[in-house]
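Reading through the structure tokens given below for one structure.
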Protein chains: 2
Amino acid sequence: MTGNAQLSKATKSRTDARPPRGRKRSANSGAGQHALDDEIGLDALAGHAGYAVRRFQIWIFQDFIRTLSAVDIRPTQYSVMTVIGANPGLSQMAVAKRLGIERARLVHLLDSLEQRDLVSRIKSATDRRSHALHLTARGRTALAQFKRLAAEHERHVAEKIGKGNREKLLQILAAFT
Amino acid sequence: MTGNAQLSKATKSRTDARPPRGRKRSANSGAGQHALDDEIGLDALAGHAGYAVRRFQIWIFQDFIRTLSAVDIRPTQYSVMTVIGANPGLSQMAVAKRLGIERARLVHLLDSLEQRDLVSRIKSATDRRSHALHLTARGRTALAQFKRLAAEHERHVAEKIGKGNREKLLQILAAFT
DNA sequence: TATTGTTATACTCTATAACTATA
DNA sequence: TATAGTTATAGAGTATAACAATA
């Protein structure tokens, strides 16, 4: 991402396509008339939850990746390990459905976690089509560390949007988890 | 995405009927022990804003794409057309920075919008390296329709999370837009 | 027949690097 | 030297389809 995700001062949304302050910019004028990003209005975009959510999600994932860069764990890998850790024995289908991940994609995610000796696939005795997923001993130790770093990331979020706002957000979006 | 982002209502029927409240599960049990998604705990994930935000963003983008499918416009295309419409003459760099899009990616986005005669690139007279971006006449008419459909999508969001919650969300995340 | 895990393909998006034409 | 637009590549992530083993 090139853009700055920080506070750009909510420029007023204009319904028509006119420059903010009578500063004239002819229709065919050259590009680059805006010295500051703040001058560029978002228009209807400012009222769309999806736009704000997308920008926020990019920021939050980047902070997560940065905060856990020393252990090389990305958000999806963390989510997979966390549900397996909390629900040992789950099948790949169950994990995929619970987290909204394509089962085809989970195959590759698990391949990489298994190669790092964090997760193991155990052939199910009752249904030989499926695998029971477990953390390895190493995986359990590692996950504990990942959780500490993830909690640190979560503190960054609270600093960024405010403690109360973070809790309100979790409450509003609880139905989607 | 296969997963339903709504409150999963556990449609899955399974031969192996387990008591809903029984929770003892041995560490080496086979896969597929969970009859209902609701039984699969998220553990630490439940406290992570990023997880909820990601699930919500997937839902909201899918609703946007579905609601605007008749006009074949995706969220990023809509955002690009909206800022160009509100700020005619902007350079590609300015649009890219404002929306947090890689300038390399904006090239392809604009190629496709230009091929559909919605946007035009005009050589800047003052800086011949850059292009001044404008909506075409057709683009302006089309954008008005896109905005009506986007407003319909926004009503879906309000229905889903509640009117007040949607406004609270916009307020909390305003700093990221 | 249906499901689980797997492989494969295609398209979107993100992140870089390098090239060109200008400045 | 630096910047705007472009081209190219690589890696995630999403969306499908199809296949083998098993139910």
Side-chain angles (χ1 to χ4, degrees), chain A residues 1-3 5 30-35 54-55 57-59 61-62 64-66 69 72-80 90-97 99-112 114 119 121-133, chain B residues 1-3 5 11-16 30-34 54-55 57-59 61-62 64-66 69 72-80 89-97 99-112 114 119 121-133:
Chain A
M1 247 252 303
T2 49
Q33 297 291 317
H34 299 270
R54 166 181 162 261
R55 297 294 302 249
Q57 201 240 303
I58 291 168
W59 180 88
F61 267 49
Q62 282 178 338
F64 186 99
I65 292 166
R66 198 182 321 123
S69 60
D72 191 26
I73 285 289
R74 299 172 62 80
T76 310
Q77 295 175 309
Y78 175 76
S79 70
V80 167
L90 239 38
S91 69
Q92 295 185 193
M93 272 304 292
V95 171
K97 284 180 81 167
L99 292 177
I101 300 170
E102 288 296 326
R103 75 188 201 273
R105 200 186 147 223
L106 186 59
V107 171
H108 302 297
L109 283 165
L110 289 172
D111 284 349
S112 120
E114 206 170 27
V119 166
R121 288 187 249 223
I122 299 172
K123 276 277 180 195
S124 167
T126 53
D127 183 342
R128 286 159 59 206
R129 291 172 304 183
S130 72
H131 296 154
L133 300 172
Chain B
M1 250 250 305
T2 48
T11 44
K12 188 185 209 169
S13 64
R14 182 174 281 283
T15 44
D16 156 39
Q33 297 292 316
H34 299 269
R54 167 180 162 261
R55 297 297 299 249
Q57 202 242 305
I58 290 168
W59 180 89
F61 266 49
Q62 282 178 341
F64 186 99
I65 292 165
R66 198 182 320 121
S69 60
D72 191 26
I73 285 290
R74 298 171 62 82
T76 310
Q77 295 175 308
Y78 175 75
S79 70
V80 168
L90 240 39
S91 70
Q92 296 186 193
M93 272 304 292
V95 170
K97 285 179 80 169
L99 293 177
I101 300 171
E102 287 296 325
R103 74 188 204 272
R105 199 185 147 226
L106 186 59
V107 171
H108 302 297
L109 283 166
L110 289 173
D111 285 349
S112 118
E114 207 171 27
V119 166
R121 289 187 249 223
I122 298 173
K123 276 277 179 197
S124 166
T126 54
D127 184 342
R128 285 160 60 207
R129 291 172 304 182
S130 73
H131 295 154
L133 300 173

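As a basis for the values below, the full set of heavy atoms in this structure was taken, side chains included, without hydrogen atoms, waters or symmetry mates. Chain letters run A, B, ... following the sequence lines, proteins first and then strands; every chain starts at 1.
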Heavy-atom side-chain contact between Val95(A) and Ile101(A) under 4.5 Å: no
Separation of dT4(C) P from Gln92(A) CD (nearest whole Å): 11 Å
Tell me which of Arg129(A) and Pro75(A) sits closer to the 5' end of DNA chain D, going by the nucleotide each one is nearest to. Pro75(A)
Using OP1 and OP2 only, check whether a side-chain N or O of Arg54(B) sits under 4.0 Å from dG13(D). no
Rounded to the Å, how far apart are His108(A) NE2 and dT9(C) P? 12 Å
Rounded distance (Å) that lies between atom P of dT3(D) and atom CZ of Arg103(B): 10 Å
Do the side chains of Ser91(B) and Leu133(B) get nearer than 4.5 Å, heavy atoms only? no
Whole angstrom value for the distance that separates P of dC11(C) from CD of Gln77(B): 15 Å
Considering every strand and a 4.0 Å limit on heavy-atom distances, what is the contact class for Arg105(A): base, sugar-phosphate, or nothing? base
Given axes from five pairs at either end, by how many degrees does the helix from dT1(C)-dA23(D) to dA23(C)-dT1(D) bend, rounded to 10°? 10°
Is the shortest side-chain heavy-atom distance between Phe61(B) and Gln57(B) below 4.5 Å? yes
Roughly, in whole Å, what's the span from CD in Glu102(A) to P in dT7(C)? 16 Å
Spacing of NZ belonging to Lys97(A) relative to CG belonging to Leu106(A), to within rounding of 0.5 Å: 13.5 Å
Are Ser112(A) and Gln77(A) side-chain neighbours, meaning at least one heavy-atom pair lies under 4.5 Å? yes
Provide, to the nearest angstrom, the distance between the CD1 atom belonging to Ile101(B) and the P atom belonging to dA15(C). 12 Å
Does any donor-acceptor pair link the side chain of Arg128(B) with the base of dT22(C) at a separation under 3.5 Å? no
When Ala104(A) and Thr76(A) are each assigned the nearest nucleotide of DNA chain D, the 5'-most assignment goes to Thr76(A)
Does Thr76(B) form a side chain to side chain contact (heavy atoms under 4.5 Å, CB included) with Arg105(B)? I'd like the steps, not just the answer. CA-CA 11 Å; Thr76(B) 310; Arg105(B) 199 185 147 226; 3.8 Å; yes
Got a donor-acceptor contact below 3.5 angstrom from the Glu114(B) side chain to the Arg121(B) backbone? yes
Mind calculating the distance between NZ (Lys97(B)) and P (dG5(D)) to the nearest angstrom? 12 Å
Rounding to an integer number of Å, can you tell me how far Met93(B) CE sits from dA23(C) P? 17 Å
